[in-house]
Student: 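Provided herewith is a single structure, encoded as structure tokens, for subsequent inquiry.
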There are 2 protein chains.
Amino acid sequence: MTPKIDLWFSCGSTYTYLTMMRLDAVEAAEGVHFNLRPFQLRVLFKEMGRAPFLQEPQKSAYMWRDIERRAAAQGLSPTLPAPYPAPEVALANEVAYLGLRQGWGRPYLQASYRTWFEQGAMPGEPENLGPSLAAVGQDEATVLAELAKGEISNAMERDIDEARDLGLFGSPFSVVGRELFWGDDRLEEAARWAHAKSPR
Amino acid sequence: MTPKIDLWFSCGSTYTYLTMMRLDAVEAAEGVHFNLRPFQLRVLFKEMGRAPFLQEPQKSAYMWRDIERRAAAQGLSPTLPAPYPAPEVALANEVAYLGLRQGWGRPYLQASYRTWFEQGAMPGEPENLGPSLAAVGQDEATVLAELAKGEISNAMERDIDEARDLGLFGSPFSVVGRELFWGDDRLEEAARWAHAKSPR
């Protein structure tokens with residue numbers, strides 16, 4: 001059986017760019033399946049009294065350079081630093097959630113991250129939403145009308161309780177049972193863990 | 001020529017435990033030399049307006065579990081969580097600095113981290129300092145008398161300027177030229193970088 005890993009993430013997370021771009025390859029190489037779980041990380045940040053984005057210039061400079069190096073190792077050439085933080089991340093997460101339910105979530109996320117990191121349009125902004133939805137054959141007005149019903153928003157509120165209970169505080173988190181692996185650079189470690197714990 | 005990597009660290013850093021315990025093995029496996037650079041990280045934390053230690057319970061819980069998993073993978077069995085934060089980290093860093101000058105720094109650091117993580121005595125505390133120095137054949141009174149001269153303290157103040165200029169904000173940092181690699185889990189990446197940039 002292919003072990004399953006819950007991948008909790010927010011569409012506003014910078015390091016999650018690296019993850020979305022290599023997710024299919026990691027699954028193939030490690031023989032695992034990532035179950036995508038977008039969540040409203042900023043709600044947790046607010047509860048923790050944390051700023052919704054990096055404020056230390058040293059850490060921020062390091063992050064962009066680190067992403068640049070790791071992207072290059074993946075054969076990617078993003079335009080960095082990308083605009084940040086993304087004001088419409090809550091909407092972006094809802095679109096991803098809906099897309100995952102309807103079967104177009106993963107390619108939408110990959111298109112959205114490319115649009116953000118290669119063309120500079122932030123997730124959830126009209127300049128990102130329209131083209132990223134079009135890339136997966138979805139109509140923006142239809143998607144927004146669906147979200148306006150409020151069901152996705154309610155489902156995501158319940159997920160926040162689950163994320164809080166797990167102890168999540170960033171993105172991406174790979175979760176196997178209650179075992180947490182934080183960061184794009186821990187996908188493989190999570191995969192090894194999932195294999196070790198998987199029933200044979 | 002064996003590439004050289006500056007390893008900047010503070011003796012109060014928890015993840016640096018993993019690094020000190022595997023430093024010799026990484027050098028052998030990767031064909032690099034780590035030049036140990038203890039520095040007074042808390043001075044920089046203060047300048048950044050950051051608390052000298054983790055305050056979010058979620059992040060703290062994650063850190064200890066992550067260290068436990070990674071220590072187990074190295075064949076180590078620390079008693080976790082270790083006491084934290086260490087109040088006498090400035091003194092511990094000075095002792096390390098002196099020891100590195102005098103040639104006993106690395107085994108002292110390894111003994112001190114073992115004493116902290118296996119026996120629960122924090123770096124710089126008498127219950128750590130005495131046994132860790134004795135383990136490398138050094139006399140505590142002689143070491144403290146040497147530090148009282150102030151030369152090490154002055155040298156370390158100059159190093160803080162270098163660390164600030166590099167943009168360091170944590171421990172450990174592997175530094176190759178001006179290229180920074182943050183964390184115990186990036187030693188190998190730094191080694192690969194050092195080889196790629198090393199003159200042939």
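Order of the sequence lines fixes the chain letters, A, B, ..., with proteins taken first and strands second; residue numbering starts at 1 for each chain.
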Student: Quick one: of A:Lys59, A:Glu189, A:Glu179, A:Arg69, who has the most non-hydrogen atom pairs under 4.5 Å with chain B?
Tutor: A:Arg69

Student: So, taking the atom named CD in B:Gln58 and the one named CD in A:Glu47, what distance separates them when rounded to the nearest 0.5 Å?
Tutor: 8.5 Å

Student: Does one hydrophobic cluster hold both A:Val89 and A:Phe45, with members joined at side-chain heavy-atom distances below 4.5 Å?
Tutor: no

Student: Considering only heavy atoms, which portion of A:Arg70 lies under 4.5 Å from any heavy atom of chain B: side chain, backbone, both, or neither?
Tutor: side chain

Student: Any chance CD of B:Glu151 has more than 12 other-residue heavy atoms, nucleotides or ligands included, within less than 6.0 Å?
Tutor: no

Student: Tell me, side chain or backbone of B:Arg186 under 4.5 Å from chain A's heavy atoms, or both, or neither?
Tutor: side chain

Student: Among A:Trp193, A:Trp182, A:Phe169, which residue has the highest count of heavy-atom pairs closer than 4.5 Å to chain B?
Tutor: A:Phe169

